[in-house]
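As the structure is a prediction and not an experimental result, all values here were calculated from the model. Reminder, nothing fancy here: chain letters follow the sequence lines and each chain counts from 1.
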Number of protein chains: 2
Amino acid sequence: MTSSQPLHLIISEKLRYRITQGDYPSGAQIPSEYQLMAEFEVSRITVRRAIANLVQQGLVMAQQGRGVFVTPQQKVTYSLSSPMVFFEADMARQGVVSTIQNLVFESILPPVQVQNLLELPKRSQVYFQKKLLLLNGAPVAVDLSYTLHRLGKTLARDLKRQMTFPMLEQHGVMIDRIETVIESTHANPEISDYLDVPLGHPLICYSYRAFNDQNQPIVCGEALSRGDRLCYSVVIRRDQSPD
Amino acid sequence: MTSSQPLHLIISEKLRYRITQGDYPSGAQIPSEYQLMAEFEVSRITVRRAIANLVQQGLVMAQQGRGVFVTPQQKVTYSLSSPMVFFEADMARQGVVSTIQNLVFESILPPVQVQNLLELPKRSQVYFQKKLLLLNGAPVAVDLSYTLHRLGKTLARDLKRQMTFPMLEQHGVMIDRIETVIESTHANPEISDYLDVPLGHPLICYSYRAFNDQNQPIVCGEALSRGDRLCYSVVIRRDQSPD
DNA sequence: TGAATACTATTGTTATAACAAGTTGGTTTT
DNA sequence: AAAACCAACTTGTTATAACAATAGTATTCA
């Protein structure tokens, strides 16, 4: 172990290799800190740093008192191609049950950016909602949305219980188009609590603005989802219409 | 500081607040480790852990011997909506110069998955390419691609110098459609070196498979880009064609 | 005046040590 | 048999300490 690379990186790379080679399969526990200390003849802090490197790469998750386990790799894909298919329908197509858990639902004065996105006059209120999205019962996303006040007020009960878009359409509010931006970001402490991921875990941030059939923006927001559980697909065509 | 939250988290949240409030603007240096030790009356390891939390959240970057600096926040957006616009054209539209730096270009026996994606008989070779994508001279993505052997062989010179798709079309190979999947993942040591990001940094993984106008898959691969520099946008329409 | 050296400041790595907190399995008590 | 207790195991936090490496500035020397 005389090398220009730090010990913690040498150890974490060796462990990573073992994981990718299947020595520690998905869900399996890797050796304890004390076992690794003995094996590699280093201090505990070096072992912990090596494990932290693996946690940061999403290869393992550590549970206090239990041990460090190889994370399962399983993702679902949501198609963003036109024609529009709402999230829960796409999930159902894949045999995945999607549900929500409402966290916050309140009338607020929106940030300026939201006001502009929803094309609202100054000092208009909107309904702010924070909800957890669960797939097969496990939290995979936190959704923060802003809905026109008149819709939020009349549909509050259902908005707290169902996914937004299909629910709006059930009530005759048709969604004509959704503008989206997809980015990758880091989990902050609040989000990492909700989604049970380590601080800094990669998230997909799916920002959206939905327009009704009068070309009026009615909802905007962003869904922060676990990068290891959800991904998006698009088909890009040379021309606008399909073959 | 008597609380149920660990000290390192309390401190990093305070620092994060200062950053978001503008006390330390983009590019500015935050107080040194010793200054923070004095301010918060904690050990150096606690301060370092707090700083590591900020690094993990992408808010700061640490440079040995120099200090810890607030990371600039600047992104470009690539539109995945149809009709197709290639990456470099979209960037040019935004006044951003995109260039590539070839790292590897070789004929290989492809992994089984690639073989299937390109619909190749067993034991066919493909051209594997690894290249760095730079925006305004700064590396933002590593691209790993597999191209049909006959194309790779005849167009090797240009493939090493230019972006793939416009170059193919210059040579009469039309791209009819691209199937994509977007996911979020973590930077491993190799990628973190190429892109100059910390281990575990969130990346967008943009996987693609491009078809020519005979509906034949000709290139597949993935671009791993910095989550803080590049994002994607899509417009989803209720119906297939635009209004 | 420019180059080389020394010093200071700052982050990076690794060690030992101690205590805290959570989990699990075995043993004892009811 | 079920509940409670306890010990062992395991990860989490924080401290002190020492050395390494890098960067920037000041001082010295040719």
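- Listed nucleotides D:dT11, C:dT11, D:dT13 differ in distance to B:V68; the shortest reach to its side chain belongs to C:dT11.
- With D:dT14, D:dT10, C:dG12 as the candidates, the nucleotide lying closest to the side chain of B:R48 is C:dG12.
- Note: CE (B:M37) to P (D:dA17) measures 10 Å, nearest angstrom.
- Note on B:T46: a side-chain N or O is less than 4.0 Å away from OP1 or OP2 of D:dA15.
- When the C1' atom of C:dT11 is taken as reference, atom CD of B:Q35 falls 13 Å away, rounded to whole Å.
- Ring geometry, B:H201 versus A:H186: the interplanar angle exceeds 60°, so the pair is classed perpendicular (tilted spans 30 to 60°).
- Atom CD of B:Q63 is separated from atom C1' of C:dA9 by 15 Å (rounded to the nearest Å).
- Between A:L36 and A:I11, the closest side-chain pair of non-hydrogen atoms is not below 4.5 Å.
- Here the P atom of nucleotide C:dT8 and the OH atom of B:Y34 are 15 Å apart, to the nearest Å.
- Projected onto DNA chain D by closest heavy-atom contact, A:Q29 and A:I45 fall at different nucleotides, the more 5' of which corresponds to A:Q29.
- Note: CZ (B:R44) to C1' (D:dT16) measures 12 Å, nearest angstrom.
- Distances were taken from every side-chain heavy atom of B:E33 (C-beta onward) to each of D:dA15, C:dT14, C:dT11; the shortest belongs to C:dT11.
- Using a 4.0 Å heavy-atom distance criterion, A:R49 is classed as a sugar-phosphate-only contact.
- A straight line from CD of A:Q64 to C1' of D:dC9 spans 12 Å, rounded to a whole angstrom.
- Below 30°, between 30° and 60°, or above 60°: for A:F87 and A:Y78 the angle between ring planes is above 60°, a perpendicular geometry.
- Across all strands, B:S43 comes closer than 4.0 Å to base atoms (heavy-atom distances).
- In this entry the distance linking CG of A:L7 with P of C:dG12 reads 17 Å, nearest Å.
- Under a 4.0 Å N-O distance rule, the pair A:E183/B:R226 does not qualify as a salt bridge.
- Remark: C1' of D:dG12 and CG of B:L9 are 13 Å apart, rounded to the nearest angstrom.
- For the side-chain hydrogen bond (donor to acceptor under 3.5 Å, both in side chains) criterion with B:N102, the lone passing option out of B:R161, B:Q129, B:K130 is B:Q129.
- The residue among A:V47 and B:R66 whose nearest nucleotide of DNA chain C is located toward the 5' end is B:R66.
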